[in-house]
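Below is one structure, written out as structure tokens; comments come after it.
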Amino acid sequence: MTFTWGVATSAYQIEGAAAEDGRTPSIWDTFARDVVGETGDVACDHYHRMPDDVQLVKSLGVDAYRFSVSWPRVQPRGRGPANQAGLDFYDRLVDELLGAGIDPWLTLYHWDLPQELEDAGGWPNRDTAYRFAEYTGLVHQRLHDRVRNWGTVNEPWCVAYLGYEHGVHAPGRKDFRAALAATHHLLLGHGLATALIRKPGTVVGPALNIGTATPASDDPIDIAAARLADGMGTRIFLDPIARGAYPGDVLEHLAARGHGLPIRDGDLKIISAPIDILGVNFYFGQDFAGRDLDGNTVDAAGLPIVREIMPDVPRTALNWPITPDRFTTLLLRLHHDYGIPLAVTENGAVYDDRPDDTGYVADHERTAYIAAHVDAVFAARAAGADVRGYFAWSLMDNFEWAEGYAKRFGLVHVDYETQVRTPKRSALWLRDRVRSGA
Ligand code: IFM
């Protein structure tokens with residue numbers, strides 16, 4: 001099985017041209033303006049610099065480029081006919097990529113829900129899943145003759161819980177019930193889209209952000225807490241997709257909290273439409289303890305304590321722990337538990353880059369992070385995990401959501417004043433690693 005090397009981006013984070021050629025606002029345009037204070041209005045100006053950016057990808061020698069389609073560019077306001085000018089952009093992007101010998105990996109939903117659909121209830125509203133399927137049909141109709149790799153939803157956990165429970169991502173709501181409904185409808189949308197796209201020769205799947213829920217100790221209380229964290233973070237998405245059922249322990253836990261998922265007859269059959277690949281977005285692993293700092297095992301409502309603990313290891317500049325060994329463990333676990341071919345669709349790190357006078361960044365720490373995680377992937381493969389690709393996050397510095405532009409994940413430095421792109425050391429490392437073969 002060949003191994004695919006790639007770099008990844010998403011539409012709102014790089015495109016800019018927020019109000020051009022018929023694009024309408026997404027929830028991230030609104031949230032960025034009202035809450036973050038920096039927006040994707042210009043971002044990396046990729047919409048206007050796309051052919052050069054494709055050449056940049058080519059210069060890294062990778063096989064594939066993972067990008068997302070902006071829903072409000074292609075279907076303004078989230079319903080009705082396609083905006084041909086929006087589709088034309090992705091048509092040209094795909095042609096540029098193929099012309100450069102780069103395989104397009106297209107993601108349909110990377111967080112930019114049309115604002116009008118949020119105004120109609122957003123992902124907690126069941127209708128949004130059907131609107132997503134309609135939008136998928138428009139993109140598929142235009143690009144299916146050239147795009148083989150289709151990603152459905154990116155990191156639905158972030159969409160549902162950061163966006164609807166914690167309110168730290170768009171649309172900024174704080175409502176656990178809404179987050180649960182969003183979870184189910186994102187899965188439903190994924191299933192409807194998968195059925196529409198999947199045919200012989202295509203490769204379809206979601207991309208989930210998956211950490212490791214490691215018990216803080218071998219105390220059964222900590223083991224139970226880690227199991228619940230894994231249930232609420234990973235199995236609540238993966239079990240319905242791969243097994244056609246939500247995990248029983250998660251449903252019991254939700255019931256104890258007076259909650260449930262808005263499941264209707266037939267939904268789980270749709271959600272469990274066969275997939276070809278599971279995209280894994282990995283940044284760090286976490287520990288979980290079942291006691292709070294006072295030693296209590298239940299909270300005031302009598303529900304079990306699940307306390308996240310960051311492993312005591314070096315951190316990136318986002319304060320995220322660096323845990324490549326756990327990455328190997330995670331890939332093996334996914335392989336054994338679910339048996340679906342895997343691709344690492346995102347992995348990367350923020351560091352405080354200091355460009356020299358020429359714009360070059362000698363990002364030794366990011367390079368070491370990526371090298372260690374690539375090694376972790378190959379260790380998992382050597383131990384039997386069917387991992388078919390690695391995409392570094394991200395091709396270039398971009399709009400890092402609630403963090404704005406201050407936090408840089410790029411392998412290529414972007415000077416936002418001039419839009420000059422300069423490959424960092426990590427980009428050159430990746431190029432050399434790809435050249436040396438899998
Ligand atoms: O930038 C994001 C990306 O859009 C989704 N996955 C995590 C990345 C880093 O936070």
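As the structure is a prediction and not an experimental result, all values here were calculated from the model.
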Exercise. Going by atom types only, do Q419 and H48 share a side-chain donor-acceptor pair under 3.5 Å?
Worked result: no

Exercise. Do the non-hydrogen side-chain atoms of T194 and T152 ever get within less than 4.5 Å of each other?
Worked result: yes

For this session: Please tell me if the side chains of Y338 and D239 come closer than 4.5 Å, counting only heavy atoms from C-beta onward.
Result: yes

For this session: Please name the pair of heavy atoms, one in P423 and one in L428, separated by the smallest distance, quoted to 0.1 Å.
Result: CB-CD2, 4.2 Å

Exercise. Among pairs that include at least one residue of residues 49-74, which meet ring-ring contact (aromatic ring centres under 6.0 Å, His included), considering only residues two or more places apart or in two chains?
Worked result: Y65-F67, W71-F132, W71-Y135

Exercise. Can you name the side-chain hydrogen bond (donor to acceptor under 3.5 Å, both in side chains) partners of Y416, sequence neighbours left out?
Worked result: none

Problem set entry | Set of residues satisfying side-chain hydrogen bond (donor to acceptor under 3.5 Å, both in side chains) with respect to H166, sequence neighbours excluded | none

Exercise. Have T328 and D325 got a donor and an acceptor in their side chains that come within less than 3.5 Å?
Worked result: no

Problem set entry | Side-chain donor or acceptor of S10 paired with backbone N/O of S68 under 3.5 Å | no

Seminar exercise, completed: From the list F31, Y12, W111, ring pair (Phe, Tyr, Trp, His ring centres under 6.0 Å) partner of H169 resolves to W111

For this session: Taking D29 for its side chain and S26 for its backbone only, find out whether a donor-acceptor pair lies under 3.5 Å.
Result: yes

Seminar exercise, completed: For residues 34-44, the salt bridge (charged side-chain N to carboxylate O under 4.0 Å, His left out) pairs (sequence neighbours left out) are none

Problem set entry | Closest heavy-atom pair and its distance - L331, A380 | CB-CB, 3.8 Å

Distance-only donor-acceptor hits, side chain of residues 95-104, under 3.5 Å, sequence neighbours excluded:
residue: D95; atom: OD1; partner: R146; partner atom: NH1; Å: 2.9
residue: D103; atom: OD2; partner: N149; partner atom: ND2; Å: 3.2

Exercise. Using a distance-only test with no angle check, is there a side-chain donor-acceptor pair under 3.5 angstrom linking H413 and D353?
Worked result: no

Exercise. To the nearest 0.5 Å, how far apart are OG1 in T234 and CG in L330?
Worked result: 7.5 Å

Exercise. Is it the case that R73 places NZ or CZ above or below the six-membered ring of Y47, under 6.0 angstrom from the centre and within 45 degrees of the axis?
Worked result: yes

Exercise. Hey, does the side chain of R126 reach the backbone of A181 with a donor-acceptor pair shorter than 3.5 angstrom?
Worked result: no

For this session: Given side-chain contact (heavy atoms from CB on, under 4.5 Å), test R243 with D337 step by step and report yes or no.
Result: CA-CA 10 Å; R243 299 181 174 155; D337 286 1; 4.1 Å; yes

Exercise. Do other residues, nucleotides or ligands put more than 12 heavy atoms under 6.0 Å from D218 CG?
Worked result: no

Exercise. Excluding sequence neighbours, so at least two apart, what forms salt bridge (Lys or Arg N to Asp or Glu O under 4.0 Å) with D432?
Worked result: R435

Exercise. In terms of side-chain heavy atoms, does T136 have a donor or acceptor partner in Y109 at a distance below 3.5 Å?
Worked result: no

Seminar exercise, completed: Here the pair of heavy atoms bringing G78 nearest to L117 is O-CD1, 3.7 Å

For this session: Give a yes or no on whether the backbone of S70 and the side-chain of Y90 come within a donor-acceptor separation of less than 3.5 Å.
Result: yes

Exercise. Is the NZ or CZ atom of R433 both under 6.0 Å from the centre of the six-membered ring of F378 and within 45° of that ring's axis?
Worked result: yes

Exercise. In this structure, are over 12 heavy atoms from other groups packed under 6.0 Å from K269 atom NZ?
Worked result: no

For this session: Could you check if a side-chain atom of Q115 sits within less than 4.5 angstrom of a side-chain atom of T24, using non-hydrogen atoms only?
Result: no

Exercise. Do W123 and R173 come within less than 4.5 Å of each other through their side chains, counting heavy atoms only?
Worked result: no

Problem set entry | Whether H110 side chain and A11 backbone form a donor-acceptor pair below 3.5 Å | no

For this session: Taking all non-hydrogen atoms of both residues into account, name the closest pair between R49 and D45 and its distance.
Result: NE-OD2, 2.9 Å

Seminar exercise, completed: On a heavy-atom basis, the closest approach of F237 and P156 is CE2-CB, 3.5 Å

Problem set entry | Test of ring centre spacing under 6.0 Å for F391 and W393 | no

Problem set entry | Set of side-chain hydrogen bond (donor to acceptor under 3.5 Å, both in side chains) partners for D88, sequence neighbours left out | R142

Check residues 273-288 and write down every donor-acceptor pair under 3.5 Å in which the side-chain atom is one partner and the other belongs to a residue at least two apart or another chain.
residue: D276; atom: OD1; partner: R198; partner atom: NE; Å: 3.1
residue: D276; atom: OD1; partner: R198; partner atom: NH2; Å: 2.8
residue: D276; atom: OD2; partner: R198; partner atom: NE; Å: 3.1
residue: D276; atom: OD2; partner: V204; partner atom: N; Å: 2.8
residue: N281; atom: OD1; partner: T345; partner atom: OG1; Å: 2.6
residue: N281; atom: OD1; partner: E346; partner atom: N; Å: 3.3
residue: N281; atom: ND2; partner: N154; partner atom: OD1; Å: 3.0
residue: N281; atom: ND2; partner: E155; partner atom: OE2; Å: 2.8
residue: N281; atom: ND2; partner: E346; partner atom: OE2; Å: 3.2
residue: Y283; atom: OH; partner: E346; partner atom: OE1; Å: 2.6
residue: Q286; atom: NE2; partner: E308; partner atom: OE2; Å: 3.4
residue: D287; atom: OD1; partner: R326; partner atom: NH1; Å: 2.9
residue: D287; atom: OD1; partner: R326; partner atom: NH2; Å: 2.8

Problem set entry | Y369 and W320: side chain donor to acceptor below 3.5 Å | no

Problem set entry | Side chains of F176 and Y161 in contact at under 4.5 Å (non-hydrogen atoms) | yes

Seminar exercise, completed: Here the pair of heavy atoms bringing G80 nearest to L138 is O-CD1, 3.8 Å

For this session: Given side chain to side chain donor-acceptor pair (under 3.5 Å), test H364 with Y351 step by step and report yes or no.
Result: CA-CA 10 Å; H364 295 277; Y351 286 100; over 6 Å; no

For this session: Verify, without hydrogens or angle tests, whether N83 (side chain) and D21 (backbone) share a donor-acceptor contact under 3.5 angstrom.
Result: yes

Problem set entry | Which residues share a salt bridge (Lys or Arg N to Asp or Glu O under 4.0 Å) with E116, sequence neighbours left out | R77

Exercise. Counting heavy atoms not belonging to Q84, are there more than 12 under 6.0 Å from its CD?
Worked result: yes

Exercise. Is R388 close to T4 at the side-chain level, that is, under 4.5 Å between some pair of heavy atoms?
Worked result: no

Exercise. Counting only heavy atoms not in D312, do more than 12 sit closer than 6.0 Å to its CG atom?
Worked result: no

Exercise. Listed by chain and number, what are the salt bridge (Lys or Arg N to Asp or Glu O under 4.0 Å) partners of D363, not counting sequence neighbours?
Worked result: R366

Problem set entry | Any I241 side-chain heavy atom under 4.5 Å of I271 side chain | yes

Exercise. With a 4.5 Å limit on heavy-atom distance, are the side chains of P25 and R33 in contact?
Worked result: no

Problem set entry | R381 (side chain) donor-acceptor with V387 (main chain) under 3.5 angstrom | yes

For this session: Apply salt bridge (Lys or Arg N to Asp or Glu O under 4.0 Å) to R307 and list each qualifying residue two or more places apart in sequence or on a separate chain.
Result: none

Problem set entry | Member of R92, R421, K58 meeting the salt bridge (charged side-chain N to carboxylate O under 4.0 Å, His left out) criterion with D53 | R421

Seminar exercise, completed: Quick note, salt bridge (charged side-chain N to carboxylate O under 4.0 Å, His left out) partners involving residues 398-413, not counting sequence neighbours, are D397-R408

For this session: State plainly whether the residues R333 and D230 are in salt-bridge range, i.e. N to O under 4.0 Å.
Result: yes

